[in-house]
Amino acid sequence: MKAVFGLGNPGTNYAFTRHNVGFQVIDLYRETKLLSGRAKFVSGAWLYWGEGMFLAKPIMWMNNSGSAVRPVLERFQVDLKDTLIIYDDLDLPLGRLRVLPKGGAGGHRGMSSVISALGSEEIPRLRIGIGGDRRPQDQVSYVLARFTPPEWECLLPVLESAVGVIDEFASGDINAAMNRFNRREHSTEQA
């Protein structure tokens, strides 16, 4: 069994914000793979079932994501190597994605919560770039703001590639996803 978690903040005020790209990937996967009828609320997260895996959206504040991730993984006895966490990354330029087998939180409080709750950095992850030319002074306002229309044009192909990452991870492992999607051609980075 594989588990894929998209991180974000609950509520319509945060829908389509930069900080919610993890939710947006899960929603796009559900739409393209027609998983809409198989939802269940478990341990603080909405779960959507696919073949041999489930997708999850923790419905708590981003900074507390780990308090939903851990009980879901424990309930379904999913190993960390079979878990993929999807989240926004301010240090990665908009239009880029990066698949990694492990690592620190890199300042991302949602990922920090997951690492703390699971007691390990050995967690596969998919980072979606939301960064600009330079780091904004007010980072909180920036990540909680919605994408502009030109940013959406740049982001949509990345979200589609992220759906492919999930498929690759579900049928193989994180290394297969890294080999296929960490290449430059899966970037739509703005010039």
Side-chain angles (χ1 to χ4, degrees), residues 1-8 20-40 42-43 45-58 65-66 68-89 91-106 108 110-111 113-115 117-130 155-189:
M1 173 69 66
K2 300 277 179 95
V4 179
F5 291 84
L7 303 187
N20 274 33
V21 294
F23 279 8
Q24 293 159 19
V25 171
I26 297 298
D27 291 341
L28 182 61
Y29 191 94
R30 286 178 42 227
E31 290 170 17
T32 58
K33 305 299 180 173
L34 303 174
L35 299 180
S36 59
R38 303 177 191 162
K40 183 177 182 180
V42 176
S43 300
W46 279 107
L47 274 52
Y48 309 94
W49 297 93
E51 190 161 330
M53 73 167 177
F54 62 84
L55 308 175
K57 288 169 57 174
S65 297
V69 172
R70 181 178 176 171
V72 169
L73 292 179
E74 287 176 348
R75 179 169 178 173
F76 295 100
Q77 300 177 347
V78 179
D79 290 334
L80 292 187
K81 68 178 178 49
D82 294 323
T83 303
L84 180 68
I85 309 291
I86 304 171
Y87 61 98
D88 61 289
D89 191 332
D91 292 326
L92 203 57
L94 181 68
R96 298 282 309 275
L97 60 75
R98 191 85 175 140
V99 183
L100 297 168
K102 62 183 178 179
H108 192 281
M111 194 62 197
S113 172
V114 171
I115 290 169
L118 298 176
S120 177
E121 293 184 350
E122 305 276 328
I123 309 160
R125 76 269 322 264
L126 169 57
R127 297 167 32 215
I128 307 287
I130 62 164
L155 182 67
L156 285 175
V158 174
L159 297 179
E160 291 168 358
S161 290
V163 166
V165 170
I166 294 172
D167 279 337
E168 192 74 38
F169 179 73
S171 64
D173 63 16
I174 196 64
N175 293 319
M178 288 170 52
N179 288 337
R180 181 170 171 208
F181 289 95
N182 282 352
R183 297 184 187 151
R184 191 92 173 135
E185 65 264 14
H186 286 285
S187 167
T188 58
E189 184 178 344

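It should be emphasised that the depicted structure is a prediction, and the values quoted were computed from it without experimental measurement.
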Distance (rounded to the nearest 0.5 Å) between [X] [atom1] and [Y] [atom2]:
X	Y	atom1	atom2	value
Leu94	Asp88	CG	CG	11.5 Å
Leu155	Arg96	CG	CZ	14.0 Å
Arg98	Leu126	CZ	CG	11.0 Å
Asp173	Met178	CG	CE	9.5 Å
Leu97	Leu159	CG	CG	9.5 Å
Arg30	Leu28	CZ	CG	10.5 Å

Do the side chain of [X] and the main chain of [Y] share a donor and acceptor less than 3.5 angstrom apart?
X	Y	value
Arg125	Gly103	yes
Asn182	Val99	yes
Lys2	Gly172	yes
Asn179	Asn175	yes
Asp79	Lys81	no

Shortest non-hydrogen contact from [X] toward [Y]:
X	Y	value
Arg75	Val42	NH1-CG1, 3.2 Å
Gly6	Pro58	O-CD, 3.3 Å
Ala56	Ala45	CB-CB, 4.5 Å
Asp89	Asp91	OD1-N, 2.7 Å
Met111	His108	N-ND1, 3.1 Å
Ser65	Val114	CB-CG2, 4.1 Å

With the side chain counted from C-beta on, respond yes when [X] and [Y] share a heavy-atom pair under 4.5 Å apart, and no when they do not.
X	Y	result
Leu55	Tyr29	yes
Leu92	Ile128	no
Phe169	Ile174	yes
Phe5	Leu73	yes
Met53	Ile166	yes
Val4	Ile26	yes
Ile123	Ile115	yes
Leu100	Pro124	no

Report task. Any chance you could lay out the side-chain contact (heavy atoms from CB on, under 4.5 Å) test for Phe54 and Val72, step after step, and finish with the verdict? Result -> CA-CA 10 Å; Phe54 62 84; Val72 169; 3.6 Å; yes

Query raised in the report: Parallel, tilted or perpendicular for Trp49 and Phe76, by the 30°/60° rule?
Result: perpendicular

Strictly below 4.0 Å, N to O, side chains only: are [X] and [Y] in salt-bridge contact?
X	Y	result
Lys57	Asp27	yes
Lys33	Asp167	yes
Lys102	Glu121	no

